[in-house]
Amino acid sequence: MKRFKGNPILEPVPGHYWETREVFNSAALYAGDRVHLLYRAMGDDRISRLGYASSSDGYTIDERHSEPAFSPTNPCENLGCEDPRLTLMDGKCLMTYTAYRNTPMNAFQISLTQISLTDFLSHDWNWGERMLPFEGIHNKNAVILPRKIQGRYVMYHRIEPALCVAYSKDLKQWCDMKTVLHPRPDSWDSLKVGAAAPPIEINEGWLFIYHGVDYNYVYRLGVLLIDTNDPENILYRSKDPILEPKEAYERFGKVPNVVFSCGSVLLDGKLLVYYGGADTVVCGAEYDLGELLP
Ligand code: BMA
């Protein structure tokens, strides 16, 4: 495990009203020879919007927009759109995120939308309909597999405290929900577990980074390997975390002791993992694929 030398790679910008306070928890997508990041940003109004930045090598940001790429529009997200995850499939970018609202009381749920890859790459933010796969259910951390299995989309999501799966033919109706991963007693992931980035297909199966929380509310990352054809069959779960808060930018910030990832890309045999440090900055860490696979 190696943290990027340039960490943090994104910090708040005092001149941008929507990202003056914190930037963190970034989705990542590799397309058109670039790594694209959509990150969660907060300003003085405490509402989460999504900002856009990109990189030609994955390590250094060489493009960053001054306006958000995605902002709340629905009443059910009037407190913000949080923790985006992007999946590229059939020329479309599917985006899942947490819709957070304060009416009639504070509540969060998963929302799902999409944009064509062409619009995404030309930064024409023509996002489609915002759908609520499990309307009214407190749920977060949804990721969609980049390939259908037996004709159905596969989503992992998190109903506290466990990681669940659900299936859909049309992205609207989701069914066959099941729990696939529970917290482990006396471990770094003893309180709750949830998806990090959407799983990546490799020869051995689906490489799936997940987050675990312990009773001290320390957020760490671990790794799972899932059966290529059976999303419910977990072949491997790392005993130890692969990344935990150690650096000052992970230990101190709005929420201390947090590494939280929503995006990773596989580039030249290296997994680049983008993560939020202490809910305040965007960072990166890399792994040789061989290191991650026991
Ligand atoms: C989770 C989410 C993340 C956040 C994490 C740590 O519940 O809200 O956005 O990074 O808590 O505070």
Side-chain angles (χ1 to χ4, degrees), residues 7-12 18-19 21-28 37-43 45-51 68 70-72 76-86 95-102 105-111 134 137-143 156-164 181 183 188-198 209-222 241 243-264 273-285:
N7 273 352
I9 56 170
L10 288 171
E11 295 187 76
W18 54 280
E19 58 174 351
R21 295 258 196 144
E22 295 96 17
V23 295
F24 53 121
N25 300 0
S26 184
L37 301 180
L38 267 193
Y39 58 91
R40 177 174 165 194
M42 294 176 100
D45 64 6
R46 317 308 299 155
I47 289 178
S48 294
R49 299 173 180 84
L50 307 182
F70 192 84
S71 299
C76 71
E77 54 196 34
N78 64 357
L79 281 186
C81 304
E82 307 182 347
D83 303 348
R85 273 88 168 185
L86 287 167
M95 182 170 77
T96 47
Y97 62 94
T98 306
Y100 191 32
R101 70 152 204 253
N102 68 354
M105 55 185 180
N106 284 11
F108 56 84
Q109 64 184 312
I110 291 168
S111 186
F134 312 102
I137 296 188
H138 284 207
N139 199 348
K140 281 189 178 188
N141 302 316
V143 298
Y156 292 99
H157 58 103
R158 206 281 305 285
I159 298 196
E160 278 206 26
L163 181 78
C164 307
L181 190 84
W188 59 274
D189 52 3
S190 51
L191 180 62
K192 46 187 179 175
V193 290
I209 309 291
Y210 75 103
H211 68 257
V213 188
D214 70 12
Y215 279 86
N216 293 317
Y217 269 86
V218 178
Y219 280 72
R220 300 177 173 87
L221 298 178
L243 188 71
E244 60 184 341
K246 278 205 175 128
E247 299 294 331
Y249 52 78
E250 299 158 351
R251 294 174 50 217
F252 309 109
K254 190 181 74 170
V255 183
N257 297 313
V258 174
V259 296
F260 192 94
S261 175
C262 296
S264 48
V273 175
Y274 299 91
Y275 65 95
D279 284 5
T280 304
V281 290
V282 178
C283 307

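What you are looking at is a predicted structure, and each value in this text was computed from that prediction instead of being measured. Atoms within each ligand, like the ligands themselves, are counted from 1 in listed order.
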query: Going by heavy atoms in the side chains, are R21 and K254 under 4.5 Å from each other?
result: no
message: Taking side chain to side chain contact (heavy atoms under 4.5 Å, CB included) as the definition, give me every residue that meets it alongside Q109, ordered by chain and number, with sequence neighbours left out.
response: C76, A99, R101, L132, E135
query: With no hydrogens and no angle check, do the side chains of D83 and N141 hold a donor and an acceptor under 3.5 Å apart?
result: no
query: Do R46 and E22 meet the salt-bridge criterion of a basic N to acidic O distance under 4.0 Å?
result: yes
message: Tell me which residues fall inside the under-4.0 Å heavy-atom shell around ligand 1.
response: N25, R40, D83, K140, Y219, V255, V258, F260, D279
message: Using the side chain to side chain donor-acceptor pair (under 3.5 Å) criterion, which residues pair with E160? Sequence neighbours excluded.
response: K192
message: Checking A195 now: which residues fulfil side chain to side chain contact (heavy atoms under 4.5 Å, CB included) with it, not counting sequence neighbours?
response: V143, L163, F208
